[in-house]
Undergrad: 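My questions all concern the structure below.
Nothing here was measured: the structure is a model prediction, and the numbers come from that model. So that the names make sense, note that chain A is the first sequence line, chain B the second, and so on, each numbered from 1.
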There are 2 protein chains.
Amino acid sequence: MKKGQSTRQMIVDTALNQSVRLGLEGVSLGNLAEDVGLSKSGLFAHFKSKEALQLAVLEEAVGRYMRLVVEPALKKPAGLPRVRALFENYLDWIAGEHEAGGCPFVTFVQEFDDRPGAIRDMLAKSQRQWRVGFASAIGTAMERKEIARRADPEQVAFELIGAALAFQTSLRLLGERGCRVRALAAFDRITS
Amino acid sequence: MKKGQSTRQMIVDTALNQSVRLGLEGVSLGNLAEDVGLSKSGLFAHFKSKEALQLAVLEEAVGRYMRLVVEPALKKPAGLPRVRALFENYLDWIAGEHEAGGCPFVTFVQEFDDRPGAIRDMLAKSQRQWRVGFASAIGTAMERKEIARRADPEQVAFELIGAALAFQTSLRLLGERGCRVRALAAFDRITS
DNA sequence: TTACAATACGACCGATCGTGCTATTATTTC
DNA sequence: GAAATAATAGCACGATCGGTCGTATTGTAA
């Protein structure tokens, strides 16, 4: 009862690490099996289909995101400090200080935003949840007058997410060293 | 001398349209050949390798971008109107009012930002050129005091590109109707 | 220790991948 | 028009794809 769960976890972990680089479709069962140290059929037995594996990978990514980005920020005081922690943790997540390879969601969204199906649905759902939660934290900061700006929280969330996305491209494609400073400057301007 | 060029162009056009949805790697020669109405080997003869085809596709994307986004904006007066035109044309390009499927560069960047090679190099080069040109237009608007804000043009370009990227996700994955208004609101705030 | 279920393996399927080689057409040039 | 050249089709290749099946091995509970 125990062995199966742990190897399954190892498979999903490895698959997520590969997915960040190759995309969800780019991960092949054969290559993944070799990486994990299993036979292809032995690996496949844990999932009834490749899509099921992809969904498990996506779920694992959400879990990691919660652990590394959201939960640490929830330990900060509500209001602007928490918003700032969410943003900075997100930058760290993108920069891959915890794991290597950038933000899996950005990769997956580009891959599946025009492919209807279970993965796109789960992706959209998790993105919506994240945006709602993020906007909620921003709303709290606004109620406390820690964000002087007059705008709805969703607009602020929209702009902050944009700054993070620009950060990702600048960092991972262009390799610009100053892009973290740019992202933080954008944060200050957006939340003031 | 003429026939080859025109069929080659048709191949690249079709390949670009497919690439926006499936990614550059996702386009298969067999499927593409069927779509164009050629045999697989007949199509392949135009390019010595798949990578050469991908590079041609990327070049075509740059050409379309110049035609649909940059050149129309250059007809506007220099300064803020031109910056605004660049931004709005970029939103249109993402929304796919001209062609269907979103911004190919965003897709390609996610696909190749961690895969060293000719494609990544060309992608980075074109992105740098675009950012430099965009920042230059912004700089002109600043010199004319049409952008009151005190910041370097690259910072403003960084934030505007971020707004456009957030627009892309909101539109194509989440299907939010109000995201164009959000992007334009971000533009006004960033350029003031 | 035995018995049963969970787990993993190897071989294999049809399909498709990118890529050559060889004819056979179209097209261009003289 | 013929000769030369470019363009396309047919076919096959080794590799790999996701997926299936029967069997062996292993872990677990009695």
Undergrad: Would you classify B:Ala45 as touching base, sugar-phosphate or nothing, given that sugar-phosphate means primed atoms plus P, OP1 and OP2, and contacts are heavy atoms under 4.0 Å?
TA: base

Undergrad: Please confirm whether any donor atom in the side chain of A:Lys40 sits under 3.5 Å from an acceptor in the base of D:dG19, or the reverse.
TA: yes

Undergrad: Rounded to the Å, how far apart are B:Leu53 CG and C:dC17 P?
TA: 13 Å

Undergrad: Rounding to a whole Å, what distance do you find between B:Phe47:CZ and C:dT19:C1'?
TA: 15 Å

Undergrad: So does A:His46 get a side-chain nitrogen or oxygen closer than 4.0 Å to the phosphate oxygens (OP1/OP2) of C:dA8?
TA: yes

Undergrad: Could you tell me the separation between the CD atom of A:Glu34 and the P atom of C:dA8, rounded to a whole number of Å?
TA: 17 Å

Undergrad: For B:Phe112, does the six-membered ring have the charged nitrogen or CZ of B:Arg115 within the cation-pi criterion, i.e. under 6.0 angstrom from the centroid and within 45° of the normal?
TA: yes

Undergrad: Compare side-chain N and O positions of A:Thr7 against OP1 and OP2 of C:dA8 and report whether any pair is under 4.0 Å apart.
TA: yes

Undergrad: side-chain contact (heavy atoms from CB on, under 4.5 Å) between B:Leu68 and B:Asp92: does it pass, once the steps are laid out?
TA: CA-CA 9 Å; B:Leu68 296 171; B:Asp92 292 340; over 6 Å; no

Undergrad: C:dA8 P sits how many Å from A:Arg8 CZ, rounded?
TA: 12 Å

Undergrad: In whole angstrom, what separates B:Leu29's CG from C:dG18's C1'?
TA: 6 Å

Undergrad: Check whether the ring centres of B:Tyr65 and B:Phe105 lie less than 6.0 Å apart, and answer yes or no.
TA: yes

Undergrad: Return yes when atom NZ of B:Lys76 has more than 12 non-hydrogen atoms of other residues, nucleotides or ligands closer than 6.0 Å, and no otherwise.
TA: no

Undergrad: Answer with yes or no whether B:Ser41 presents, from its side chain, a donor or acceptor under 3.5 Å of a partner atom in the base of D:dG10.
TA: yes

Undergrad: Rounded to the nearest Å, what distance is computed from the CG atom of residue B:Leu32 to the P atom of nucleotide C:dC17?
TA: 11 Å

Undergrad: At under 4.0 Å, does any side-chain N or O of B:Lys50 touch on OP1 or OP2 of C:dG18?
TA: yes

Undergrad: If you assign each of A:Asn31 and A:Lys48 to its closest nucleotide in DNA chain D, which residue comes earlier from the 5' end?
TA: A:Asn31

Undergrad: Hey, is the side chain of B:Ser28 poking within less than 4.0 Å of OP1 or OP2 on C:dC17, counting only N and O atoms?
TA: yes

Undergrad: Would you mind reading off the distance between B:Leu43 atom CG and D:dT8 atom P, rounded to a whole angstrom?
TA: 9 Å

Undergrad: Heavy atoms only, 4.0 Å cut-off, all strands: where does B:Val27 land among base, sugar-phosphate and nothing?
TA: sugar-phosphate

Undergrad: I need the CZ-P distance between B:Phe44 and C:dT19, as an integer number of Å.
TA: 5 Å

Undergrad: Determine the contact category for A:Leu38: base if any of its heavy atoms lies under 4.0 Å from a base atom, sugar-phosphate if only primed atoms, P, OP1 or OP2 are that close, otherwise nothing.
TA: sugar-phosphate

Undergrad: Taking B:Gln155 for the side chain and A:Ala185 for the main chain, is one N or O donor matched with an acceptor at less than 3.5 Å?
TA: no

